[in-house]
Every structure is written in C-alpha cells, then in structure tokens.
Amino acid sequence: MLKILIADDEFPELGFLHDIVARHFQGNAEIRCVQNGREAVDTALLWNADIALLDIEMPVMKGIEAAKRILGKNPLTRIIFITAYPLFTYAHEAVRMGASDYILKPVDTDGVIAAVEKASKRIELQRQLEGASAGSNPSSDDDEGTDKASQLIAKIQQYIRHNYALYTLSLDSVSSILGMNASYLSSLFKKCTGVNFIDYVTDQRISAAKVLLDDPLRSTAEIASMIGYESASYFTRAFKKRTGMTPTEYRKGRPQEGGTA
C-alpha cells in the first residue's frame, strides 16, 4: 500500500488531484491532503509518506523548501512538484533536489497518473532491491552464492536504469540501501558485469543524453540536469570521454529530419 501525500493551497486543484490518484490507484494507495508547505512537511515525516505531490507556490512554506526538509529527514520519499511556471529554473531545481518528476498546471489526468506511476515503480524497485539482499549470502563461493550475487547485481542494474537521473545515485547510496560494504559491492558489481559501478551509471546517462540531444530546443545545461549531472561542464567532459565529441559536436553531427546523413 502506497502512502501518497498531496499538498496544494488551491482547494479545487487539491480535490481534482485527489480524485485522479484515488480512482487510478484504488485499493493500492492511502491518500492524505494538506493545503500548505508546513503541513506537508509535518504530515510527510510523521506519516512516512512514500510519494509527495507538492505545489511549488504554497503559503506558510513553499514547495521547494518543504521538499528540502522532507528529503533531509527521509531521502527515500519520492517528490513530484506541481507548478504553473514552465521555467527551466524550476525544473532544474526540482531535479537537482532528487525530485521524481514535475507536473505543469493546469494538471491533466494522464500527466498526473504517469508521474505517480513513475514514482511508484521506483519505490517498487527500491523495495525489491532491499529484499534481494535480505537473508542472502552473495559472498559465498558455492553455486547458490554465485546465483544470489547475480540476481542481486541484476536488481541493482535495473535500479540504476530507472534512477540514473537522480543526483543522489551513487555506490554509497545503493550500498546503504542494501546494508552492504561499498567496497565489497563495487568489487561484486565489477565481477558480475565486467564494468565498474560508476561506468555503468555513466553509460546509462550518456545513452539518455544522446536521445535528448535530438531535441534542438533543449540546452546542454537542461539535458545535464535531466540525466543526473549538477554541472553542465562535468556532463560535457563525461560525454566527450564516452563519445569523443562534446554534446554540441554530437548534435551538429546528427542528420537532421528530412536531411541526409
């Protein structure tokens, strides 16, 4: 059962969001609603919310500040921002903080469902990841131990593929979820996959960047934030190391629609 918190100071919007989530996740979610940022923080932490939909512009405490306080105490809460301002600065701040998504007002049913489903899938993956290591002994040298290790690493790879956009994704964060030593996990990951943990994360991010670069309206800085890099310059260095080109060079080298290769 998912615990979903919805915070919006506009009562009609709050009711609309509640109805969308209640209908789609009927029987699978418990929902609570509040109308300001302070109540959102208190409820999210005391209730241990799995997902929090937060309006950015709320009285008493804005959504950004509320999210910071929630994530400061419970970094596993999935934050979805709601905003009437389709500005890159808002999106960048949201992603930088580790938000799962953001929804533009006026909200539409499909957009809300997609954002909440995306967050719920990440929660499910994390729970599977935690369960994959429970009671297992991947360090064993026998066939059973090898099989458990392979299953665990496969879960970690799946987790990375769904969470590469989070700035907080790291070997330390994953090892903390699993309750494992980071150095041992690093060694096990390399043994099972043939690549380092950080290289695998980088490969996922660069692959996503190549797709996003097909959109000429997205800046390099925006793409960097969308795939988990706080610094556009660091993204550019990582991209060039992987592809031999900067993102701008890669974009220029791609055949345009209707053009020739």
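In what follows, every heavy atom counts, from backbone to side chain, and hydrogens, waters and symmetry copies are set aside.
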Non-hydrogen side-chain atoms of Glu124 and Ser120 separated by less than 4.5 Å: no
Electrostatic pair Lys105:Asp8 at N-O distance under 4.0 angstrom: yes
If you group Ile, Leu, Val, Met, Phe, Trp and Tyr by side-chain heavy-atom gaps below 4.5 Å, do Phe81 and Ile70 land in one group? yes
Kindly compute the distance separating CG (Leu169) from OH (Tyr159), expressed to the nearest 0.5 Å. 6.5 Å
Which pair of non-hydrogen atoms, one from Ile79 and one from Ala67, has the smallest distance, and what is that distance? CG2-CB, 4.1 Å
side-chain contact (heavy atoms from CB on, under 4.5 Å) evaluation trace for Arg78 with Asp101: CA-CA 9 Å; Arg78 299 296 176 176; Asp101 215 332; over 6 Å; no
Would you compute the distance between atom NZ of Lys73 and atom CG of Leu45 and round it to the nearest 0.5 angstrom? 7.5 Å
Verify side chain to side chain donor-acceptor pair (under 3.5 Å) between Asn48 and Asn74, making sure each step is shown before the conclusion. CA-CA 8 Å; Asn48 196 26; Asn74 187 1; 2.9 Å; yes
Is it true that Asp50 and Arg127 make a salt bridge, defined as a side-chain N closer than 4.0 Å to a carboxylate O? yes
If you take all heavy atoms of His18 and Cys33, which pair is closest and at what distance? CD2-SG, 3.7 Å
Using the rule that Ile, Leu, Val, Met, Phe, Trp and Tyr join whenever any side-chain heavy atoms are under 4.5 Å apart, tell me whether Leu14 and Leu5 fall into a single cluster. no
Arg205 and Tyr200: CA distance, side-chain angles, deciding distance, side chain to side chain donor-acceptor pair (under 3.5 Å) verdict: CA-CA 9 Å; Arg205 288 172 169 169; Tyr200 188 82; over 6 Å; no
What heavy-atom pair brings Ala221 and Ala232 nearest, and what distance separates the two atoms? CA-CB, 3.9 Å
In Å and rounded to the nearest 0.5 Å, what is the NZ to CD distance from Lys62 to Glu57? 4.0 Å
Using the side-chain contact (heavy atoms from CB on, under 4.5 Å) definition, which of the options Asp55, Val116, Ile4, Val112 pairs with Leu17? Val112
Applying side-chain contact (heavy atoms from CB on, under 4.5 Å) to Leu212 and not counting sequence neighbours gives Arg218, Ile223, Met226, Ile227
If you round to the nearest 0.5 Å, how far is OG1 of Thr193 from CD of Gln157? 6.0 Å
Taking side-chain contact (heavy atoms from CB on, under 4.5 Å) as the test, write out the residues that go with Ile113, two or more places apart. Ile20, His24, Thr109, Glu117
For Ser175 and Ala182, the nearest pair of non-hydrogen atoms, with its separation, is OG-CB, 3.6 Å
Compare all side-chain heavy atoms of Phe25 with those of Ile31 and state whether any distance is below 4.5 angstrom. no
Run the side-chain contact (heavy atoms from CB on, under 4.5 Å) test on Phe16 and Val107 for me, step by step, so that the C-alpha distance in whole Å, both residues' side-chain angles and the decisive distance to 0.1 Å come before the verdict. CA-CA 9 Å; Phe16 183 54; Val107 298; 3.5 Å; yes
Under 3.5 Å, side chain of Ser207 to main-chain N/O of Gln204, donor-acceptor pair present? no
Taking side-chain contact (heavy atoms from CB on, under 4.5 Å) as the test, write out the residues that go with Thr246, two or more places apart. Thr236, Lys240, Thr248, Glu249
Is the closest side-chain heavy-atom distance between Met180 and Leu152 below 4.5 Å? yes
Side chain proximity check, Thr220 to Pro247, heavy atoms < 4.5 angstrom: yes
Cluster overlap Trp47 with Ile6, hydrophobic side-chain contacts below 4.5 Å: no
How close do Ser186 and Leu171 get, counting heavy atoms only, and between which atoms? CB-CD2, 3.6 Å
State whether the side chain of Thr43 and the backbone N or O of Ala40 hold a donor-acceptor pair below 3.5 Å, judged by distance alone. no
Once you round to the nearest 0.5 Å, how far does CD1 of Ile206 lie from NZ of Lys241? 11.0 Å
Quick one, Ile82 and Tyr102 - any side-chain contact, counting heavy atoms below 4.5 Å? no
Got a second to check how far Ser231's OG is from Arg237's CZ, nearest 0.5 Å? 6.0 Å
Within the distance-only criterion (no hydrogens, no angle test), does the side chain of Ser187 pair as donor or acceptor with the backbone N or O of Tyr184 below 3.5 angstrom? no
Give the cluster check for Val174 versus Ile198: same hydrophobic cluster or not, with ILVMFWY residues linked at side-chain heavy-atom distances below 4.5 Å. no
Do the non-hydrogen side-chain atoms of Lys3 and Ile51 ever get within less than 4.5 Å of each other? no
Strictly distance-based, threshold 3.5 Å: is any side-chain N or O of Thr77 a donor or acceptor partner for the main-chain N or O of Ala49? yes
Do Ile153 and Ile160 sit in one hydrophobic cluster, given that two such residues count as connected whenever their side-chain heavy atoms are within less than 4.5 Å of each other, even indirectly? yes
Of the non-hydrogen atoms in Asn163 and Arg122, which two are nearest, and what is the gap between them? OD1-CD, 3.3 Å
Do Thr202 and Asp199 have a side chain donor and acceptor closer than 3.5 Å? no
From the list Tyr167, Phe239, Phe235, ring pair (Phe, Tyr, Trp, His ring centres under 6.0 Å) partner of Tyr229 resolves to Phe235
Compare all side-chain heavy atoms of Ile80 with those of Lys118 and state whether any distance is below 4.5 angstrom. no
Can you check side-chain contact (heavy atoms from CB on, under 4.5 Å) on Arg69 and Met61, steps first, answer last? CA-CA 11 Å; Arg69 298 195 182 196; Met61 182 186 297; 3.6 Å; yes
Under 4.5 Å between any side-chain heavy atoms of Arg38 and Glu65, yes or no? no
